[in-house]
S.K.: 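Below you'll find the structure I mean.
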Amino acid sequence: MEAGKSAAARRPAAAPAPEWPTDPEQARALQRRLAASVVREDRLGPVRRVGGLDVHYAPRAGLAFAAAVALDAERLELEASALACAPLVFPYVPGLLSFREAPAALRALALLDPPPDLLLVDGQGLAHPRRLGVASHIGLLADLPTIGVAKSRLCGSFAEPPRSAGSWTLLREGEEVIGAVVRTRAGARPLFVSIGHRVSLATAVAWTLRLCRGYRLPEPTRLADRLSRCHAP
DNA sequence: GCGACAG
DNA sequence: ATCTTGTCGC
């Protein structure tokens, strides 16, 4: 043992405490401020480990359960996982998901050792009304390259991508490109992929497809989802 | 005013 | 997300 050197001690969590809104208007104001800091280009090093993050809820217990996983980017095999829970301090409001998920998610992420070089988050990134979905918000708070991988649309319009796996179309809002609609599995409903933080859209789509192993969800998100399910009551 | 609306 | 069994379709 190395006394005093737990994973959490070596890598403190980005605590949501300092400025955590308690009502929707404060939250939207904070999003508008933070959105300017999101980096939409590739600013990531070599990706040896890819992470996945997902959160499940136990509303009756007033808790959120988060699972974070790290996979070998080459073999896509599980290398590490972490679980954490946190009190639910914010209601679900479309567009404000991160204020509900981040407390538990950041705890799980801080416990994940070794940390990932790139993180896939279950939810939108830039494809958000104020361009600060949960993937972007967590990317900023944890200072990690992130990709938003959502199972359904929050905003924007798109053309249905062809039915074959690997095909995709752009997700737009007005003239602005905010993400991609990606067919990760033939015939299955597409995923909504967007920039989270420090990753370009092209890189986000490429990684998402590369991380799929015959299922609709890419492995990091799929495993995190399965793990967080097991531990929710 | 009437829908839409990540998880 | 969660509440929940069998069942319609490729």
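Predicted model only: the values in this text are computed from it and were never measured. Residue numbers begin at 1 in each chain, while the letters A, B, ... track the order of the sequences. For the numbers below, each heavy atom of this structure counts, side chains included, while hydrogens, waters and symmetry mates do not.
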S.K.: Would you tabulate the side-chain donor-acceptor contacts of residues 132-142 of chain A under 3.5 Å, counting partners in other chains and residues two or more places apart, or write 'none'?
M.R.:
| residue | atom | partner | partner atom | Å |
| --- | --- | --- | --- | --- |
| A:Ser136 | OG | A:Gly196 | O | 2.7 |
| A:His137 | ND1 | A:Ser98 | OG | 2.8 |

S.K.: Is the shortest side-chain heavy-atom distance between A:Asp225 and A:His56 below 4.5 Å?
M.R.: yes
S.K.: Give me the atom names and distance for the closest heavy-atom approach of A:Ser167 to A:Pro161.
M.R.: O-CB, 4.0 Å
S.K.: What closest approach, in Å, do A:Val69 and A:Leu112 show between heavy atoms, and which atom pair accounts for it?
M.R.: O-CD2, 3.6 Å
S.K.: Produce a footprint string for nucleotides 4-10 of chain C: one letter per nucleotide, 5' end first; B if the base is under 4.0 Å from any protein heavy atom, S if only the sugar-phosphate is, - if neither.
M.R.: -------
S.K.: Hey, do the aromatic rings of A:Tyr57 and A:Tyr92 have their centres closer than 6.0 Å?
M.R.: no
S.K.: So what does A:Gln124 hit on the nucleic acid, given a heavy-atom distance under 4.0 Å: a base, only sugar-phosphate, or nothing?
M.R.: base
S.K.: Counting any heavy atom closer than 4.0 Å, what does A:Val55 reach on the DNA or RNA strands: base, sugar-phosphate only, or nothing?
M.R.: sugar-phosphate
S.K.: Can you list the steps and then say if A:Arg40 with A:Arg131 is a side-chain contact (heavy atoms from CB on, under 4.5 Å)?
M.R.: CA-CA 11 Å; A:Arg40 309 181 180 205; A:Arg131 308 295 181 260; 4.2 Å; yes
S.K.: Please round to the nearest 0.5 Å and tell me the distance separating atom CG of A:Leu126 and atom CD1 of A:Ile147.
M.R.: 12.0 Å
S.K.: Hey, does A:Gly187 reach any base, or is it just sugar-phosphate, or nothing, if we go heavy atoms under 4.0 Å?
M.R.: nothing
S.K.: Considering non-hydrogen atoms only, spot the tightest contact between A:Ile178 and A:Glu173 and give its length.
M.R.: CD1-CB, 4.1 Å
S.K.: Extract, from 5' to 3' on DNA chain B, the first and final nucleotides lying under 4.0 angstrom from some heavy atom of chain A.
M.R.: B:dA4 to B:dG7
S.K.: Using Watson-Crick pairs (N1 to N3, plus N6-O4 or O6-N4) and G-U wobble pairs, both distances under 3.5 Å, which stems of at least 3 pairs involve DNA chain C?
M.R.: none
S.K.: Rounded to the nearest angstrom, tell me the gap between atom CZ in A:Arg60 and atom P in C:dT2.
M.R.: 12 Å
S.K.: Nearest 0.5 Å, please: how far is CH2 in A:Trp168 from CG in A:Leu201?
M.R.: 6.5 Å
S.K.: Do other residues, nucleotides or ligands put more than 12 heavy atoms under 6.0 Å from A:Arg185 CZ?
M.R.: no
S.K.: Between A:Ser81 and A:Leu227, what is the shortest heavy-atom contact and its length?
M.R.: CB-CD2, 3.6 Å
S.K.: Could you state whether A:Leu209 and A:Val47 fall into the same hydrophobic cluster, counting links through intermediate Ile, Leu, Val, Met, Phe, Trp or Tyr residues with side-chain heavy atoms under 4.5 angstrom apart?
M.R.: yes
S.K.: Looking across every strand, which nucleic acid part, if any, lies under 4.0 Å from A:Leu96 by heavy atom: base, sugar-phosphate, or nothing?
M.R.: base
S.K.: Between A:Arg107 and A:Cys85, is there a donor-acceptor pair closer than 3.5 Å when you use the side chain of the first and the backbone of the second?
M.R.: yes
S.K.: Quick one, which residues of residues 144-162 of chain A touch DNA chain B with a heavy atom under 4.0 Å?
M.R.: A:Ala150, A:Lys151, A:Ser152, A:Arg153, A:Leu154
S.K.: Looking at CZ of A:Phe192 and CG of A:Leu171, how far apart are the two atoms once the value is rounded to the nearest 0.5 Å?
M.R.: 7.0 Å
S.K.: So, are A:Lys151 and A:Asp122 salt-bridged, with charged N and O less than 4.0 Å apart?
M.R.: yes
S.K.: In residues 26-34 of chain A, which ones come under 4.0 Å of DNA chain B, going by heavy atoms?
M.R.: none
